[in-house]
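Note that the structure is predicted; figures quoted are calculated from it, not measured.
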Amino acid sequence: MKFLRGRFENVDWPACAVLPVFMLAALPFMNVPTWLTLTIAGAAMGMMLFLMASGLSLIFGLMDVITFAHGAFISLGAYLAVEVARALPGLIADPSWSAALLVLAAALALAIVVTGAVGWLFEAVIIRRVYGSHLRQILITVGGLIVAQELIIVFWGANPIPLQKPAAMRGSIVIAGAAIEVYRLVAVALGLVICIALQFVLARTRLGLVVRAGVENIEMVEALGFRVRRLFVGVFVAGTALAGVGGVMWGFYQGLVTPAIGPEMMILVFIILIIGGMGSIGGSLVAAILVGLMTNYSGFLAPKLALGSNILLMVAVLLWRPRGLFPLVKS
Amino acid sequence: MSDILLSLSGVHTHIGSYHILHGVDLSVRRGKVTMLLGRNGAGKTTTLRTIMGLWRASAGAIALDGRAITDAATPDIARMGVAYVPETMGIFSQLTVRENMTLATANGRFDETRLEETFGFFPVLKTKWNDRAGLLSGGQKQMLAIARAIIERRRLLVVDEPTKGLAPAIIDHLIEAMNRLKQAQTTILLVEQNFHMARSVGDDVAVMDDGVIVHRGAMADLAADEALQQRLLGLNLASHQ
Ligand SMILES: Nc1ncnc2c1ncn2[C@@H]1O[C@H](COP(=O)(O)OP(=O)(O)O)[C@@H](O)[C@H]1O
Ligand SMILES: [Mg+2]
């Protein structure tokens, strides 16, 4: 991949080694097929978490904005998947891959458009007024989250709504004696595609260059003639659209959509931002997969520790790297 | 076309609840180097930031080429051809030298002759072209900051203490670069503590104290008048050779 070339000289190898070391460390506690199943399950969950976290990470890194309302955009994405499934029952039941991909593409497209548009409105009406004050951002976005939650109940009711995966993406396949759910592979593939696309935009386009510069020093970017306001709006919209995409994927994965589906992911999302280093896309990816793996390994080894284990993971990383694995440089 | 490119009249600036500038009157002549001098904390940086729209003037007027820019947004001021080299240099340390320079062009493309000219001023940038800017030395970062300002044709360069913290040899190099820019009729507003630099590149001079301009005149006159220097800047020329 040409666009990645030249980006490896300053790679922080110990931080990159965390992921493989963590995977291998789990191996002695289980047999190989179980490990393979859990590792792929963890990677899949991690990829979906990455979709939810990466947007928030960019928003924080560039705009220094903390928004709890992100959870509402995840929920909205999941409910939009419900709407697409309701509208296309024939395609959901159709066992062909083309039908399955069509359903998924439709849900993703709808989620991108709608959550992006709502994100745009949210930025214009609320976020814009609270730049520069974390406390006000937290208060107002927690408020926004509660309002959004109620709005979702108004539209879709408080009861869980079942959401079936497209037929071709149900079931599992057996690889090396391990049962692998097909949908998890789809999630990993989609997560990778989006991650590579994000990295490409950041590393190889002028827009990405401006975003990377803005993460370091927003004032200087303005002094060079870039209209940062528009950039903020664009990044906020992209971030909320990513949350919507994460919501679609997570909704199909869970098979049951509730108004809390987004907000309940926010603890993990914030753990990911803290572990990865707030604002770093690569850091979000590594941290999201770490959290996905930890959730699955500990779910198997010590189910009662599921959330606690992620908090322990965060504490361990912070003891080693107080600013996360891949901290951003601000000047 | 007026002789004056940039003018500030009665500019007041507040930072939060602090009243920092108390009616600054300043004009910068087209094609000339105007020095803005004054002790630490006099308000020089605040003046430059107000010109750039990074602080907003609470009263008074700022005009560029006769057009009011008092309330213009920073990017719009930059797009009118004003390049800013802040006191902190504003180098993007995670980006390469090349990427830093690219951001300073209007459309992401370099004018080859202009680029070669800039390399002529600062050859080291050519050798470090693909290095991360964070790896440059302090002097090299300053050269990069100035290179960004001159990589395209600008109407005005606004430069804040470029020699701050640099070794004498590098200061001499910067003085030479400034003099070459001056020969090319570049209009520059330059804040400097280094009197040697001020004296060798300045055409006009303004001295600030406590948020107002307390002296305006020709740089040569100030350079020749040690008593005036002593009174305005509290410095003794001999110690600043
Ligand atoms: N961000 C700020 N907040 C409060 N006061 C400031 C700030 N920046 C500068 N000042 C004050 O404004 C005055 C002028 O500062 P400055 O313009 O940086 O002076 P100079 O560049 O001449 O050394 C100083 O008293 C300084 O303490
Ligand atoms: Mg200063």
Side-chain angles (χ1 to χ4, degrees), chain A residues 2-12 15 57-58 61-62 128 131-133 199-234 277-283 323 326-331, chain B residues 16 45 48-55 72-109 129-135 141 144-145 147-149 151-152 154-160:
Chain A
K2 182 156 167 275
F3 65 85
L4 292 175
R5 195 188 301 148
R7 300 190 59 76
F8 287 112
E9 302 122 50
N10 305 304
V11 169
D12 178 356
S57 183
L58 267 181
L62 182 73
R128 183 172 298 188
Y131 283 130
S133 164
Q199 291 287 11
F200 177 83
V201 170
L202 282 174
R204 281 288 173 261
T205 67
R206 185 156 170 91
L207 176 68
L209 184 58
V210 176
V211 171
R212 282 185 289 140
V215 165
E216 262 195 74
N217 185 342
I218 207 84
E219 243 179 23
M220 195 61 215
V221 170
E222 290 202 276
L224 289 170
F226 296 95
R227 298 194 172 110
V228 168
R229 263 240 41 86
R230 287 188 202 168
L231 190 66
F232 278 13
V233 174
M278 304 273 271
S280 149
I281 290 294
R323 302 179 54 216
F326 300 91
L328 284 181
V329 181
K330 290 254 180 199
S331 46
Chain B
T45 297
L48 299 196
R49 288 178 58 87
T50 305
I51 292 168
M52 290 309 298
L54 292 166
W55 297 132
T74 302
D76 299 325
I77 294 169
R79 283 166 186 230
M80 290 173 77
V82 183
Y84 178 48
V85 180
E87 202 170 6
T88 47
M89 300 187 281
I91 296 301
F92 305 110
S93 62
Q94 298 296 299
L95 308 189
T96 64
V97 169
R98 182 205 177 93
E99 287 172 329
N100 269 276
M101 296 280 287
T102 308
L103 282 173
T105 62
N107 56 14
R109 274 180 294 279
W129 194 229
N130 289 310
D131 288 3
R132 221 156 47 81
L135 302 174
K141 280 185 187 150
L144 174 56
R148 270 193 324 205
I151 188 62
E152 299 219 323
R154 317 277 187 201
R155 273 204 268 197
L156 172 67
L157 306 189
V158 175
V159 184
D160 200 349

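Heavy atoms closer than 4.5 Å to chain A are found in the backbone of Asn107(B), but not in its side chain. Contacts of Ala106(B) with chain A are made by backbone atoms alone, with heavy-atom separations under 4.5 Å and no side-chain atom involved. Neither the backbone nor the side chain of Thr96(B) has a heavy atom closer than 4.5 Å to any heavy atom of chain A. Heavy atoms closer than 4.5 Å to chain A are found in both the backbone and the side chain of Thr102(B). Residue Arg154(B): no heavy atom, backbone or side chain, is found under 4.5 Å from chain A. For chain B, the nearby part of Arg206(A) is the side chain; its heavy atoms alone come within less than 4.5 Å.
Put simply, CG on Leu209(A) and CG on Leu103(B) are 4.0 Å apart, with the number rounded to the nearest 0.5 Å. Once rounded to the nearest 0.5 Å, the distance linking CG of Leu224(A) with OG1 of Thr74(B) reads 11.0 Å. Remark: Asn217(A) CG to Met89(B) CE distance equals 11.5 Å, nearest 0.5 Å.
In terms of modelled atom types and a separation under 3.5 Å, the side chain of Gln94(B) and the main chain of Glu216(A) share no donor-acceptor contact.
Your options are Ala104(B), Ala73(B), Ala83(B), Gly108(B), and the one with the most heavy-atom pairs under 4.5 Å with chain A is Gly108(B). Of the listed residues (Thr88(B), Val82(B), Ile77(B), Asp76(B)), the one with the most heavy-atom contacts under 4.5 Å to chain A is Asp76(B).
In this structure, Glu222(A) and Met52(B) have side chains that are not in contact, with every pair of non-hydrogen atoms separated by 4.5 Å or more. At a threshold of 4.5 Å between non-hydrogen side-chain atoms, the residues Phe92(B) and Met220(A) count as touching.
When all heavy atoms of Ala78(B) and Ala223(A) are compared, the pair lying nearest together is CB-O, 3.2 Å.
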